[in-house]
Amino acid sequence: MSDSLARMPFTRLHIAGPDADGIALVTLARPESLNAIDLDMFHELKQLALVAETDPEVRALILTGAGRGFCAGLDLEVAGRLSQLSIEAYMKIQELAGSTVYALRLLPKPVVAAVNGAATGGGLALALAADIRIASEQARFGVAFTRLGLSACDVGMSWLLPRIIGMAHASELMLTGRIIDAQAAARIGLTNRVVAAEELLGCAYEVAREIARNSAFAMRLTKQGLQMNVDAPSLQAAIELENRSQALAARSDEMPQVFARFRQEQATSRRQR
């Protein structure tokens, strides 16, 4: 079993390499600051995305936070210096932050965010970059940029949030900077489900294992198709992409064994009725 992720020399992340099901657990590891993001964490998350993409043993990732928070956004020490930077220096930080969220979003392996506490600002963006979000009852969500005197349009927020919860809800959260609890987040579709804190990781693993048992190549094509077709110019364009994806998936190495398992499960189910 490959442990390339676990052996990476991270200081801001704690990574348990892929288990027997191919699931890697990635923990943001700055609990003293509610896992606020500094520049080193941005670099490490980008490196993580690259290594996870190329590691054939990784079939899905779970992203969570250590301690009481998921991620409280940009570290306040970094944020406090932003207004003193030159435009050129500030732009480099913006590009690093934005490209990190982009790298996680485009990672071809499915990502499940297990949101255990505050997910605000850049932390919310990290959760939005995941494919599925499961929240504990202690989770909180907010677009914190507004409360720092900055635009809420940052690190992909203006693209991701309205596509997940709709324009009206996104406008309210982005313009007010309001913090909402896990139940409110679930009502507007920001999270897939809310569970007790002690059940959070177990639930995330359950979902990740459900994904990991499918064909890895088919999951890659499914994720790419979803991301492309949410902005497809027409139904015809979406179906054209689907046709090509399905033809490719049918010829993957894993398809015959996944199909055989499905048929066996169906036969067993019929016998038990």
J.: Without swapping roles, check the side chain of Asp131 against the backbone of Val111 for a donor-acceptor pair under 3.5 Å.
T.: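 Side chain of Asp131 to backbone of Val111, a donor-acceptor pair under 3.5 Å: yes, one is there.
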
J.: Tell me the closest heavy-atom pair linking Tyr205 and Asp19, and the distance in Å.
T.: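 Scanning both residues completely, I find the closest heavy atoms to be CE2-OD2, 3.7 Å.
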
J.: Test side chain to side chain contact (heavy atoms under 4.5 Å, CB included) on Leu61 and Leu107; report intermediate values, then the result.
T.: CA-CA 10 Å; Leu61 288 89; Leu107 180 67; 3.8 Å; yes

J.: Is there side-chain contact between Arg68 and Gln138, with at least one heavy-atom pair below 4.5 Å?
T.: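 They are not in contact (no side-chain heavy atoms under 4.5 Å apart), so the answer is no.
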
J.: Verify the neighbour count for atom CG of Asn243: are there more than 12 heavy atoms of other residues, nucleotides or ligands below 6.0 Å?
T.: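 Yes, because the 6.0 Å sphere around CG of Asn243 holds more than 12 heavy atoms from other groups.
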
J.: Under the criterion side chain to side chain contact (heavy atoms under 4.5 Å, CB included), I'd like the reasoning laid out for Ile37 against Thr100: C-alpha separation, chi angles, the key distance, then a yes or no.
T.: CA-CA 11 Å; Ile37 313 173; Thr100 299; over 6 Å; no

J.: Is Val101 reachable from Leu148 through a run of I, L, V, M, F, W or Y residues, each pair having side-chain heavy atoms under 4.5 Å apart?
T.: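 Leu148 clusters together with Val101.
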
J.: Given the rule that I, L, V, M, F, W and Y join up when any side-chain heavy atoms are under 4.5 Å apart, are Ile15 and Ile23 in one cluster?
T.: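 Shared cluster, no.
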
J.: Would Asn214 and Glu254 count as having a side-chain donor-acceptor pair, cut-off 3.5 Å?
T.: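 Note: Asn214 and Glu254 side chains miss the donor-acceptor criterion.
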
J.: Give the minimum heavy-atom separation between Ser136 and Ala182, together with the two atoms involved.
T.: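 So the two residues come closest at O-CB, 3.4 Å.
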
J.: So does Pro18 get a backbone contact from the side chain of Glu57, meaning a donor-acceptor N/O pair under 3.5 Å?
T.: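 No, the answer is negative, given that no donor and acceptor are paired below the 3.5 Å cut-off.
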
J.: Here's a test for you: under side chain to side chain donor-acceptor pair (under 3.5 Å), which of Asn35, Thr11, Asp75 qualifies with Arg30?
T.: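 Output: one option passes, namely Asp75.
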
J.: Working to the nearest 0.5 angstrom, can you tell me the gap between Asn229 CG and Ile239 CD1?
T.: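 One finds 9.5 Å between CG of Asn229 and CD1 of Ile239.
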
J.: Is the side chain of Asn116 donor-acceptor paired with the backbone N or O of Gly67 at a distance under 3.5 Å, no angle test?
T.: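 Checking the backbone N and O of Gly67 against the side chain of Asn116, a donor-acceptor pair under 3.5 Å is found.
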
J.: Between Phe217 and Leu248, is there a side-chain heavy-atom distance shorter than 4.5 Å?
T.: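 Touching, per the 4.5 Å side-chain cut-off.
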
J.: Going through the distances and angles, do Asp55 and Lys109 end up as a salt bridge (charged side-chain N to carboxylate O under 4.0 Å, His left out)?
T.: CA-CA 10 Å; Asp55 188 337; Lys109 313 290 179 71; over 6 Å; no

J.: If you apply the rule side chain to side chain contact (heavy atoms under 4.5 Å, CB included), what do you find for Arg193 with Val207, and how did you get there?
T.: CA-CA 11 Å; Arg193 69 192 74 172; Val207 172; 4.0 Å; yes

J.: Report yes if the side chains of Val115 and Ile134 come closer than 4.5 Å at any heavy-atom pair, otherwise no.
T.: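 Counting from C-beta outward, Val115 and Ile134 never come under 4.5 Å.
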
J.: State the OG-CZ distance between Ser252 and Arg220, to the nearest 0.5 angstrom.
T.: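 Taking OG in Ser252 and CZ in Arg220, the distance rounds to 12.5 Å.
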
J.: Taking Thr146 for the side chain and Thr176 for the main chain, is one N or O donor matched with an acceptor at less than 3.5 Å?
T.: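 No.
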
J.: Minimum heavy-atom separation for Pro110 and Met219, please, with both atom names.
T.: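 That closest heavy-atom pairing would be CG-CB, 4.3 Å.
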
J.: Above 12 or not: heavy atoms from other molecules or residues under 6.0 Å from CG of Leu96?
T.: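 Enclosed.
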
J.: Indicate yes or no: at least one non-hydrogen side-chain atom of Leu45 is less than 4.5 angstrom from one of Leu126.
T.: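 Yes, side chains in contact.
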
J.: Does CD in Gln266 sit with more than 12 non-hydrogen atoms of other residues, nucleotides or ligands closer than 6.0 Å?
T.: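 Yes, CD of Gln266 has more than 12 neighbouring heavy atoms, counting only those of other groups under 6.0 Å.
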
J.: For the residue pair Ala114 and Phe70, what are the closest heavy atoms and their distance?
T.: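 Closest heavy-atom pair between Ala114 and Phe70: O-CD1, 3.7 Å.
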
J.: Count the heavy atoms of every other residue, nucleotide or ligand shown that sit under 6.0 Å from CD of Glu265, and state whether that count exceeds 12.
T.: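 Counting neighbours around CD of Glu265, more than 12 heavy atoms of other residues, nucleotides or ligands fall under 6.0 Å, so yes.
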
J.: Applying a strict under-4.5 Å side-chain criterion to I, L, V, M, F, W and Y, I'd like to know whether Val51 and Tyr102 cluster together.
T.: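 As far as the 4.5 Å side-chain criterion goes, Tyr102 and Val51 are not connected within one cluster.
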
J.: Quick check on Glu210: does its CD atom have over 12 non-hydrogen neighbours (other residues, nucleotides or ligands) under 6.0 Å away?
T.: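 Result for CD/Glu210: open.
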
J.: Which is it for Val155 and Leu74 under the side chain to side chain contact (heavy atoms under 4.5 Å, CB included) test, yes or no, and what are the steps along the way?
T.: CA-CA 11 Å; Val155 291; Leu74 186 64; over 6 Å; no

J.: Roughly how far, to the nearest 0.5 Å, is the CE atom of Met255 from the CD atom of Gln257?
T.: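 Between atom CD of Gln257 and atom CE of Met255 there are 11.0 Å.
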
J.: For atom CZ of Arg261, is the number of surrounding heavy atoms from other residues, nucleotides or ligands below 6.0 Å larger than 12?
T.: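 Yes, because the 6.0 Å sphere around CZ of Arg261 holds more than 12 heavy atoms from other groups.
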
J.: Measure from the side-chain N and O atoms of Arg251 to the backbone N and O of Ala247, and report whether any donor-acceptor pair falls under 3.5 Å.
T.: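 No: the side chain of Arg251 does not pair with the backbone of Ala247.
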
J.: Report the distance from atom CG of Leu161 to atom CG of Leu128, rounding to the nearest 0.5 Å.
T.: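 Atom-to-atom, Leu161:CG and Leu128:CG are 5.5 Å apart.
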
J.: Kindly give the heavy-atom pair with the smallest separation between Met41 and Ala36, and that separation in Å.
T.: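 Heavy atoms of Met41 and Ala36 come nearest at CE-O, 3.8 Å.
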
J.: Can you tell me how far apart OG1 (Thr191) and CD1 (Ile164) are? Round to the nearest 0.5 Å.
T.: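 It comes to 11.0 Å.
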
J.: Say whether Ile211 and Leu200 are linked into one hydrophobic cluster, either directly or through other cluster members, by side-chain heavy-atom distances under 4.5 angstrom.
T.: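 Yes, Ile211 connects to Leu200 through the hydrophobic network.
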
J.: Salt bridge (charged side-chain N to carboxylate O under 4.0 Å, His left out), that's the test. Do Glu88 and Lys92 meet it? Break it down for me.
T.: CA-CA 6 Å; Glu88 292 83 357; Lys92 287 182 179 180; over 6 Å; no

J.: Trp159, Met157: one ILVMFWY side-chain cluster at the under-4.5 Å cut-off?
T.: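 As far as the 4.5 Å side-chain criterion goes, Met157 and Trp159 are connected within one cluster.
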
J.: Do the side chain of Arg133 and the main chain of Ala127 share a donor and acceptor less than 3.5 angstrom apart?
T.: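 Such a contact is found between Arg133 side chain and Ala127 backbone.
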
J.: State, with a plain yes or no, whether a side-chain heavy atom of Leu173 is found less than 4.5 Å away from one of Phe141.
T.: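 Not touching, per the 4.5 Å side-chain cut-off.
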
J.: Would a distance-only check, ignoring hydrogens and angles, find a side-chain to backbone donor-acceptor pair under 3.5 Å from Gln227 to Arg105?
T.: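 Yes, the answer is positive, given that a donor and an acceptor are paired below the 3.5 Å cut-off.
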
J.: Tell me if a side-chain donor or acceptor on Thr27 pairs with a main-chain N or O of Ala29 at a distance below 3.5 Å.
T.: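 No, the answer is negative, given that no donor and acceptor are paired below the 3.5 Å cut-off.
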
J.: State the CD-CG distance between Glu53 and Leu50, to the nearest 0.5 angstrom.
T.: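 If we round to the nearest 0.5 Å, Glu53:CD and Leu50:CG are 7.0 Å apart.
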
J.: Where is the tightest heavy-atom contact between Ala119 and Leu124, given as atom of each residue plus distance?
T.: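 Closest approach of Ala119 to Leu124: O-CB, 3.5 Å.
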
